[in-house]
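Worth saying up front: this structure is predicted, and the values here are computed from it rather than measured.
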Amino acid sequence: MDKTYQPQQIEASWYQTWEDKGYFRPSGKGDSYCIMIPPPNVTGSLHMGHGFQQSIMDAMIRYQRMLGKNTLWQVGTDHAGIATQMVVERQLQGEGLSKHDLGRDKFVDKVWEWKEQSGNTITRQMRRLGASMDWTRERFTMDEGLSKAVAEVFIRLYDEKLIYRGKRLVNWDPKLHTAISDLEVINEEENGSFWYFRYPLAEGAKTADGKDHVVIATTRPETMLGDAALAVNPDDERYKDLIGKVVELPLCDRQIPIIADDYVDPEFGTGCVKITPAHDYNDYEVGKRHELPLINILSDDAAINDNAPAAYQGMDRFEARKQIVRDMEAAGLLEKVEPHKLKVPRGDRSGVVIEPYLTNQWYVAIESLAKPAIAAVENGDIEFVPKNWENTYFAWMRDIQDWCISRQLWWGHRIPAWYDRDGNIYVGHDEKEVRQKYELADNLELIQDPDVLDTWFSSALWTFSTLGWPEDTEELKTFHPTDVLVTGFDIIFFWVARMIMMTLKFTGQIPFRKVYITGLIRDSEGQKMSKSKGNVLDPIDLIDGISIDALVAKQTDSMMQPQLAQKIEKATRKHFPEGIAAYGTDALRYTFYSLASTGRDINFDMGRIEGFRNFCNKIWNAARYVLMNTEEQGCSKPEQPEHFSLADRWIQSRFQRTLQAVHDGMANYRLDLVSQAIYDFFWNEYCDWYLELSKPVLWDDDATEEQKNATRYTLLNILEQSLRLAHPFLPFITEEIWQRVTPLLNVEGESIMLQAYPASDDNVIDEAVDKEINWVKGVIEAVRNIRGEMNISPAKAIPVLLTKGSKSDEQNLANNKQFLSKLAKLESIDWLDNPEQAPLASTQLVGKLEVLVPMAGLIDVSAEKERLHKEVDKLEKEIARLQGKLGNEKFVANAPGEVVEKEKEKLTSAENSLTQLQQQLQKIQQL
RNA sequence: AGGCGCGUAGCUCAGUUGGUUAGAGCGCUACCUUGACAUGGUAGAGGUCACCAGUUCGAAUCUGGUCGUGCCUACCA
């Protein structure tokens, strides 16, 4: 074995082996356990969030697989309608073409080509993580089977009147030329202006204070071209008399009425509002109440259309805005302009300002679907972890709006609806079926709706469509409902809620029993990772490493704003002066687990991954030690329990405790605690103590062959069990070592991933053994402390005396002389019956027992005094605290007996210690 | 505006139903290449648990408030 762990030498080949041999497929035996992967974008690439969540899912799947479950981790990708179409359009643009030049069919062919070509990137990266998903069942939302499910669902909902077509305001993306849902709109505060316009009163009307105009304020002047009314609050004294009067709409040669509506806040602006029903959600509602006309003044590009005065037609909306402000000013109708902060809605993909726009769209009537979905969480059929995410879910679900599912794209599931010349709607799987279903004449001309469905519509069916629905398949029976969904809180609305609704509706089952909501990975300063900030970490770079130059090139590559490149380069070079080292997959995964606590933000710190790389190296070297000491002699299972040393029994006991902690952590989705438990056990107990305690046995000429065999067996046995314990989290290194270890134990098996998880055995837990080892550790640490504080060379073997202890201390000494001598590097260790005979010595206490290192020639008196003073100070503080507590009658009266008893014991022992150390101090001071 | 979360060592984070001397990793100090490992070992230093008040015999933990910070939802034209 190499002296250090080299992950890159083993990872790829092990993964290949596992996949080739079909280990990721369901075993077909045992209870089922199923996780559905949140399908990533087929043309995307792996980011830290994917890495984090998939590492978690893999740990759960591997754990359950080893527990004997029939596990399915369903893998797949989605078609990401807008994102993917945009990429291909941009490519075409590079060739000077638009999608219209190609036409719909050819364009869609192009997208498929792109998908074939780039679709492997992310799945290849997922394999690098060691993710044990069943690739033979990989699905894609645009697959034939899934597409069939999508159509089926659409048709059934339509036939039940739960899908309808309606003309209303939607969020229109003028760049992408499609409607997008509320969730795809990002509202961010930006600096804008408040323009105050005068609208002249018609027919000589006057305001209460004698003016011949009213003033309105707007942030979007161009919308005035579509104004249908002015509105005031009915109780607003200033405007009461104007209600029902008419104003001249400037620049438009139209008159519009003044209406009264409670919607208007008299306190805000001028208390008088222009109403533009076709371009504002609130105005739309006001317009409906007052039967105002809908005047749409924008085109699909958000340019001014023919409904507006000729002067503005064809102008872009922002150009028109400027022109209108100039024209109003020229007409003397601009009262003032104020700077104003407002929330600007932008498309999350395109980044352009979204317009409320009047179009025909398809909607899902959501209320009847939402009710059972709310109930399923209320009654506990589905549980969120951590629980408080349920509130977020409820808040949204109880105020849910109908879902706009049509998108004006070419890439996606085509809406299965046809129209005749009169605009009648026919819904069915295909034209032929539609004609039959609606008994239409063969010669009736039908045109299919050009739109496609929102990608989330197909993702909402993910848990059952991937298992073969609408067919009644074996897989559905076996794996549905699934066990747990692992995802981020950012898509509770987008995906989780919609999945619950659709799955309940069409299968009558919940999609999953638990929703484990993970935190979001941010950079070490808590910033969201984003291309524009140049702080994105690529999980693959953490695995393979990357030079600083390559990293800088990557961060500044194809930036939207090239002027940021310099800044990013500087920051990148500062954070990663040497680039990123190759830490390997296991280290990366372990880092993710250690961060998987209940918080919602996770700051990814490079120090952590380095620590876990070192942990892997520690495991590697521990294995080297074990193999070096067992390979030649081999071992067999000891026939007599007595052959085991105290240390052997102790590490077996500690292993069981660790196993319990791991099971508890897995049950509670606390992978951070699991990873901590394994780390502590392996490093701080197995390596730091057990391996060291094995040396005195293996290298002791007086030890019997049976004893040595028992220790060799325990070394191997605990190592082998630890590998299985850690395998779900560190799949590669555990497999590699396991393969080398098992021959020595005569364990059969092709792969660690198909082995049983270590078995619980409460009989192995032995508190007496634990106590005795703690005593051994205590004495060793006492000596080491003196050594460290007194600057005694670690190379120097020293004599030690034990005194003032109990019978059991004496017994412990007799039992453990070998351990003590070796681990504390002692020249001798002896029991002193009469403390009076003790030589001048540096003293440490283990309980009442005094550990003495004779000072002769070793120890500086003043250093020892200082050390004792430090100890005495500490004890005095402790005693004062305990006396205060126990002196408080109320404490003694109210606290539970055990607690009081415990405090009393602490006090007694501290007092004893203090006395002993003070005596010692006196003795030294007399010199 | 409403809702949710966070504030514990220099940094990244744990801390179970209130009861330990408040923990881990990284970083820091000193010593050490001893026959698994310097990606290591040994011994240390380092915290008024944001702040204030309350409940309690007892608060990092429970309650109220303040400050700081992050996110989500809804919005004012």
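Under a 3.5 Å cut-off, the side chain of Asn187(A) and the backbone N or O of Lys343(A) do not form any donor-acceptor pair. Put simply, the side chain of Arg787(A) gets close to the backbone of Ser793(A): a donor and an acceptor are under 3.5 Å apart.
Between Lys885(A) and Glu903(A) there is a salt bridge, with a side-chain nitrogen of the basic residue lying less than 4.0 Å from a carboxylate oxygen of the acidic one.
With the nearest nucleotide of RNA chain B identified for both Ser793(A) and Ala623(A), Ser793(A) has the one nearer the 5' end.
Classification of the Tyr5(A)-Trp620(A) ring pair by plane angle, with boundaries at 30° and 60°, yields tilted. Taking the six-membered ring where the residue is Trp, Phe615(A) and Tyr590(A) present tilted rings, their angle falling between 30° and 60°.
Arg220(A) comes within contact range of no nucleotide atom at all, as no heavy-atom separation falls under 4.0 Å. When heavy atoms are screened at a 4.0 angstrom cut-off, Lys341(A) is found touching no nucleic acid atom at all. No contact: Asp490(A) has no heavy atom under 4.0 Å from any strand. Residue Asp265(A) is classed as a base contact, given a heavy-atom separation below 4.0 Å to a base. Here Arg670(A) lies in heavy-atom contact (under 4.0 Å) with sugar-phosphate atoms only. Using a 4.0 Å heavy-atom cutoff across all strands shown, Arg784(A) reaches sugar-phosphate atoms only and no base atom.
Taken together, the paired segments of RNA chain B that extend over three or more consecutive Watson-Crick or G-U pairs, each closer than 3.5 Å at both contacts, are B:1-7 with B:67-73, B:10-13 with B:23-26, B:28-32 with B:40-44, B:50-54 with B:62-66.
Under the rule for a salt bridge (Lys or Arg N to Asp or Glu O under 4.0 Å), the partners of Glu692(A) that lie at least two apart in sequence or sit in another chain are Lys695(A). Lys822(A) meets the salt bridge (Lys or Arg N to Asp or Glu O under 4.0 Å) test with no other residue; sequence neighbours excluded.
On the nucleic acid side, RNA chain B has its first and last nucleotide under 4.0 Å of a heavy atom of chain A at C4(B) to A77(B), going 5' to 3'.
Within residues 894-909 of chain A, the residues that place at least one heavy atom under 4.0 Å from RNA chain B are, in residue-number order, Asn894(A), Ala895(A), Pro896(A), Val899(A), Lys906(A). Remark: Tyr679(A), Trp683(A), Cys687(A), Asp688(A), Leu691(A), Glu692(A), Lys695(A), Trp699(A) in residues 679-699 of chain A come within less than 4.0 Å of RNA chain B through at least one heavy atom.
Using a 4.5 Å heavy-atom cutoff, the side chains of Val674(A) and Tyr593(A) are not in contact. Looking only at side-chain heavy atoms (C-beta outward), Phe592(A) and Thr518(A) stay at 4.5 Å or farther from each other.
Taking the centre of each ring, Trp389(A) and Phe384(A) stay at or above the 6.0 Å mark.
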